[in-house]
Amino acid sequence: MQYLDPRSPNLSKTLFVPAAGDLKGKTLGFLNNGWLSMAKIGKYIEGPLKAKYGVARVLYYDVPRSMEPPAGLLEKVADECHMVIVGMAN
Amino acid sequence: MTTLASPRLEGPDDMAALFSDMYGKGITDGLPVIPPREEYVQAMIAHVELPPDQIIAIIPPEGGPATVEKLAANAVMAGCLPEYFPVVIAAIRALAEPRYNLLGIQTTTNPVTPVLVMNGPIRREIGIQAGRGCMGPGFRANATIGRAVKLALLNIGGCPPGDVSKSIHGFPGRFTFCFGELEEESPWQPLHVELGFQRQDSTVTVFGGQGTQNLYACFRQPESIVHMVADGMACYGNNGYMRGSGNPLVVFSPGHAKVFAEHGWDKTRIKEELFRRTLVPLAGIAEERQLSHPIYLDWDASRSIPLCREARDIMIVVAGGPEAYHVTYIPSFASTDMVTCKIDAARP
């Protein structure tokens, strides 16, 4: 029997950002949605990010839990960072 | 007949073998489905007279485009009749509103699922059950509309349970959760009128509900009913207490609504009573604070935690059998706001 594929892949991948590439000398941001474990994990990862991959600076931003960030925050992060990790740690 | 763009899949002709084949492809919810053969999908699309490639919404987390054609295929699979399809489209539009937070609802560890509440003439037109047993099982429109939405979220959003949907336990309401308001038996304004729509409008309101709590409240005094209901709602393990947001949903039977109305209680008064009575004193909860940064993390111990932002965010719907016995409480995921979409907008 023949039937239509009900799936709808995001073929254009327009919603996804390109791969980060080389981290050396870059500024990396963490979006922290407030889970207490995220603050610890972020600090823990910061060490090897700098020592092993040459990240120049790590910045932290608080975002709402499970909801959209406030207007303007993502633009500010984009201005200040080369790449960003959404940290949830739950 | 329009040309459909979807890839054609091949499966066995035997129905049982076909179901196993489709299940193996990961495109079902684990229950048997109707294969979305082209003629069935064409009939669904013909009912709304929308272009098959029209994008209704982008569904997270994959970002799949929910075209009319893809939604129709999932509606067929769920067992929808073509006349149900405008409701499916309207529901998807509502779910895609940013304030509903569909990405969070699709991927969270919480058991939350879209809860669809239907209002207006469409309930009668397509047979949405709003009376006894309205939350199921047994009513095709309720069952298949809710299921179509869930299948679309799975297949278009790319959200299989376990790998992407991280709900710890899941919840049977994740198969389908759709019912109507029994407006004709309610002494109050129906939900959609309360939210600014006209009584003759047909609407679907989507909530993010994390389960159902049955409350047996066989009383004849409003004070007793709200006392009992508030006790059941005041469970600080519900997300509402962690976030102080969302729309807790209380479903009263026509019998309970009548008791309230006979004593002069309107929805506003009930909401205020429930809000006040569901405040949880901070001094009475575990001293250790949850890791998910609850709103009360730094609050003084003399304060109490609210269930939601304010009393008016508690929503009341009248549905179910007539007896003033059972109340259903649907706690909110809280990191979500309800959204209402007019169903006419999804028609030609």
Side-chain angles (χ1 to χ4, degrees), chain A residues 1-21 29-47 58-78 81 83-90, chain B residues 4 6-15 18 22 25-27 33 35-38 40-41 58-60 62-67 69-70 72-74 76-77 98-99 101 103-105 108-110 151-152 154-158 166 239 242-243 245 289-293 297 333-336:
Chain A
M1 179 184 297
Q2 189 178 75
Y3 58 92
L4 302 187
D5 190 341
R7 294 166 293 193
S8 189
N10 179 7
L11 295 173
S12 64
K13 299 292 179 192
T14 50
L15 296 182
F16 297 90
V17 295
F30 272 116
L31 302 184
N32 185 346
N33 78 343
W35 284 71
L36 300 186
S37 40
M38 185 56 224
K40 293 180 182 175
I41 290 173
K43 286 294 179 191
Y44 180 82
I45 297 174
E46 183 176 338
V58 177
L59 303 177
Y60 297 87
Y61 304 86
D62 289 333
V63 295
R65 293 163 291 281
S66 310
M67 297 292 276
E68 281 191 306
L73 177 65
L74 294 186
E75 290 76 5
K76 172 182 159 66
V77 173
C81 300
M83 61 202 76
V84 177
I85 295 173
V86 179
M88 296 192 294
N90 60 339
Chain B
L4 302 182
S6 294
R8 271 57 174 174
L9 302 177
E10 294 289 343
D13 288 334
D14 176 75
M15 281 298 122
L18 178 63
M22 295 178 78
K25 289 185 169 79
I27 57 177
V33 293
R37 294 171 58 170
E38 175 154 0
Y40 301 158
V41 176
I58 299 295
I59 307 297
E62 172 67 16
T67 61
E69 177 179 332
K70 294 295 183 183
N74 283 279
V76 168
M77 288 173 66
R99 67 183 185 277
N101 186 23
L103 174 60
I105 284 174
T108 179
T109 53
N110 192 280
L151 285 171
L154 166 73
N155 286 324
I156 300 174
K166 307 302 281 189
N239 266 27
M242 211 156 50
R243 305 289 174 238
S245 54
R289 294 298 177 245
Q290 304 204 57
L291 296 175
S292 50
H293 204 293
L297 187 65
F333 173 53
S335 298
T336 180

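Every chain is numbered from 1, with letters handed out A, B, ... down the list of sequences. Reckoned from all heavy atoms, side chains included, excluding hydrogens, waters and symmetry mates.
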### Task
Please look at B:Leu103 and chain A and tell me whether the side chain, the backbone, both or neither of the residue comes under 4.5 angstrom of a heavy atom of that chain.
neither

#### Entry: B:Asn155 vs A:Ser8 side-chain heavy atoms within contact, under 4.5 Å
no

### Message
Please classify the contact between B:Leu18 and chain A as side chain, backbone, both or neither, with a heavy-atom cut-off of under 4.5 Å.
### Response
side chain

### Exam field: side chain A:Asp5 to backbone B:Pro7, donor-acceptor pair closer than 3.5 Å
no

### Summary
When the 4.5 angstrom heavy-atom criterion is applied to B:Glu69 and chain A, the contacting part is side chain

### Summary
Those residues at least two apart in sequence (or on a different chain) that pass side-chain contact (heavy atoms from CB on, under 4.5 Å) with A:Lys43 are A:Glu46, A:Tyr60

### Query
Just by modelled atom types, is the B:Thr336 backbone N or O under 3.5 Å from a matching donor or acceptor in the B:Asn101 side chain?
no

### Message
If we define contacts as heavy-atom pairs under 4.5 Å, which of B:Pro65, B:Ser6, B:Pro35, B:Ala73 has the most with chain A?
### Response
B:Pro65

### Query
Considering only heavy atoms, which portion of B:Lys166 lies under 4.5 Å from any heavy atom of chain A: side chain, backbone, both, or neither?
neither

### Message
Using heavy-atom distances under 4.5 Å, tell me whether B:Leu297 contacts chain A through its side chain, its backbone, both, or neither.
### Response
side chain

### Query
What part of B:Pro12 gets closer than 4.5 Å to chain A, counting heavy atoms only: side chain, backbone, both or neither?
backbone

### Query
When heavy-atom pairs shorter than 4.5 Å are enumerated against chain A, which of B:Glu10, B:Met77, B:Glu38, B:Lys25 gives the highest number?
B:Glu10

### Task
Just jot down the salt bridge (charged side-chain N to carboxylate O under 4.0 Å, His left out) partners of A:Lys40, sequence neighbours excluded, or say none.
none

### Query
Does B:Asn239 reach the main-chain N or O of B:Phe333 with its side chain, forming a donor-acceptor pair under 3.5 Å?
yes

